Protein chains: 2
Amino acid sequence: MPGPIQSLSRAAAILRLLAGGERRLGLSEVATSLDLAKGTAHGILRTLQQEGFVEQDPETGKYQLGAELLRLGQSYLDVHELRARALVWADDLARASGETVYLGVLHQRGVLIVHHVFRPDDTRQVLEVGSMHPLHSTALGKVLLAYDPVARGELGEGPLEAHTPRTLTDLGDIDAECALIRERGWADAIEETWEGVASIGALIQDRRRNPVGAVCISGAVERVCEDGFVRPQLVASVRSAARAISRDLGAGRF
Amino acid sequence: MPGPIQSLSRAAAILRLLAGGERRLGLSEVATSLDLAKGTAHGILRTLQQEGFVEQDPETGKYQLGAELLRLGQSYLDVHELRARALVWADDLARASGETVYLGVLHQRGVLIVHHVFRPDDTRQVLEVGSMHPLHSTALGKVLLAYDPVARGELGEGPLEAHTPRTLTDLGDIDAECALIRERGWADAIEETWEGVASIGALIQDRRRNPVGAVCISGAVERVCEDGFVRPQLVASVRSAARAISRDLGAGRF
DNA sequence: CTACCCGTGCGACATTGTCGACCGCCCTTC
DNA sequence: GAAGGGCGGTCGACAATGTCGCACGGGTAG
């Protein structure tokens, strides 16, 4: 594989840097953070700015992400085949289970939420489309981990954060859990990321049986669980939805 | 202004091209569309791919936008100051008016929706955050047009599309409408973009009185209007929300 | 079976991005 | 009020870098 284009990689690094820091960053901060000459960083930022990927506060001169990214992110969703086919099934699943439904795909070292159906007749919720969830402590993540060797491999590269006392942080435990998930065909995560929240997830695969994403329901542990285990009826609903989406992906195509 | 970075501009053009076409595009299509050598386009696409901005269908080899764009777009929303401060006011406005609320900012030659509150107790709706609305035929757009000379200037560069019979397509008419909007402090658009839909919008400005965005309500013309005019009480609600957000922007700061 | 088209790798060339020093500004500090 | 430091922005020389055209291999369609 021939070398990547230097200026592009650097521009991507700048965008990620701006996305990471909560506040706006100045030119010098960007340059020193990435070990770039100020002039170089400025050239890249100027180009990113006039393309709309970056905006500059006219008063302070500091930089932040630009609106074009939002527009392109929306376009990504528009052409996302998995998401398009899953929309109706996700709605059905939310209605049948009475819980929040997430649809996620593997991205970098986490799960990127590409669709989110609010829990029916619930209080106000924030849309989480576009945000990342951890791999090792959510039902979505563990499903993908169990079926995607690449994701499992990359998991060993960094330490695992313990979000709650129930989070699995030992790689051996996770491998055992993944084996169980593959055996029974679904994953759960009970208070492993957020206290009081349990989720049930199942795999979505394309017509070649490749894992392409996962669907889950997530809700208060009192509703989702019973005697310490997730309710079988909810598991059946999630698996049925995952199968339906997989079938849908396999069938139609232009 | 020294020249922009060529490879970056080309990469941005490729991303926009991929965002525009509904379907996935092949390497050759990209190269010919942008008058690039195949090798050049391939190098850029390969870099964009390993940065996550572009994904490649492993079967057909065709390219589409990547998940990283969705993540960065979400990050854009997270740091968006106007949006953050407007969230609660938008909720209030939706509750008070009973209609859908949009929050938009100027972007390129349209209005980019950065926040969207569903109409209370309504049927299923699709979230429009990240999508673009026209400048000359929506309340949001006309407000921004009336107060932003740059936007007005760029409007004259291209033809104006008539979405309905009521769309204003003559620049003179639009200037007159803008003068009226400035005079009374709010804008409306009654079936100018979609049949049966009317909207009322007002300007949001920062502490320097610069226009930074607009807020509007949008709903069925039968509810929003009365005897062919928008209902004064709704106008008052929208203007009040816009003032509140503007005040909020002017006051606090980190 | 052949002919075409596509995505991909390679290497020479010179265009292009990079680097470091310099400028002017604003805010702080003495 | 003057001096200092930090900021964003600019400029020009150098060579590293991206670009280009071509050739390869696999897939598909006719």
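Every chain is numbered from 1 and lettered A, B, ... according to where its sequence line falls, protein lines coming before strand lines. Note that the coordinates shown come from a computational prediction; the quantities given were computed from them, not determined experimentally.
Of the residues near DNA chain D, B:D35 and A:G61, the one whose nearest nucleotide (by heavy atom distance) lies more toward the 5' end is A:G61. When each of A:L27 and A:L8 is assigned the nucleotide of DNA chain D bearing its nearest heavy atom, the one mapping closer to the 5' terminus is A:L27.
The nearest whole Å value for the distance from the CG atom in A:L34 to the C1' atom in C:dC19 is 16 Å. For A:E59 and D:dC7, the CD to P distance is 18 Å, given to the nearest whole Å. For the pair B:L25 CG and C:dC5 P, the interatomic distance rounds to 19 Å; values are reported in whole Å. As a whole-Å value, the separation of A:L45 CG from D:dG8 P is 10 Å. The interatomic distance linking A:K38 (NZ) with C:dC25 (C1') rounds to 12 Å, in whole Å. Between the CD1 atom of A:I44 and the P atom of D:dT17 there is a distance of 13 Å, rounded to whole Å. Rounded to whole Å, the distance from CG on B:L36 to P on C:dG7 is 14 Å. Between A:I5 atom CD1 and C:dG9 atom C1' the separation is 15 Å, expressed in whole Å.
Distances shown here put a side-chain N or O of B:Q56 below 4.0 Å from the OP1 or OP2 atom of C:dT8. Proximity of A:H42 to the phosphate of D:dG8: no side-chain N or O atom is located under 4.0 Å from OP1 or OP2. A close approach under 4.0 Å does occur between a side-chain nitrogen or oxygen of A:R10 and OP1 or OP2 of C:dC19. In this structure, B:S28 does not reach the C:dC5 phosphate: none of its side-chain N or O atoms is under 4.0 Å from OP1 or OP2. Between A:Y63 and D:dC7 there is no side-chain N or O to OP1 or OP2 distance below 4.0 Å. In this structure, B:Q6 does not reach the D:dC20 phosphate: none of its side-chain N or O atoms is under 4.0 Å from OP1 or OP2.
Geometrically, B:R85 does not engage B:W89 in a cation-pi contact, judged by NZ or CZ lying under 6.0 Å from the ring centre and within 45° of the ring axis.
At a threshold of 4.0 angstrom between heavy atoms, the contacts of B:E29 with the nucleic acid are absent. Counting non-hydrogen atoms under 4.0 angstrom, A:T40 reaches a base of the nucleic acid.
At a cut-off of 3.5 Å, with distance as the only test, no side-chain donor of A:E81 or B:Q64 sits close to an acceptor on the other residue. One side chain, A:E128 or A:Y102, offers a donor N or O that lies under 3.5 Å from an acceptor on the other.
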- Task: Please assess B:H133 against B:T193 for the test side chain to side chain contact (heavy atoms under 4.5 Å, CB included), listing each intermediate value before the final yes or no.
- Result: CA-CA 9 Å; B:H133 287 188; B:T193 308; over 6 Å; no
- Message: Under the criterion side chain to side chain contact (heavy atoms under 4.5 Å, CB included), I'd like the reasoning laid out for B:L45 against B:H42: C-alpha separation, chi angles, the key distance, then a yes or no.
- Response: CA-CA 5 Å; B:L45 279 168; B:H42 181 245; 5.6 Å; no
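Residue A:S7 has its side chain nearest to C:dT18 when only D:dG9, C:dT8, C:dT18 are considered.
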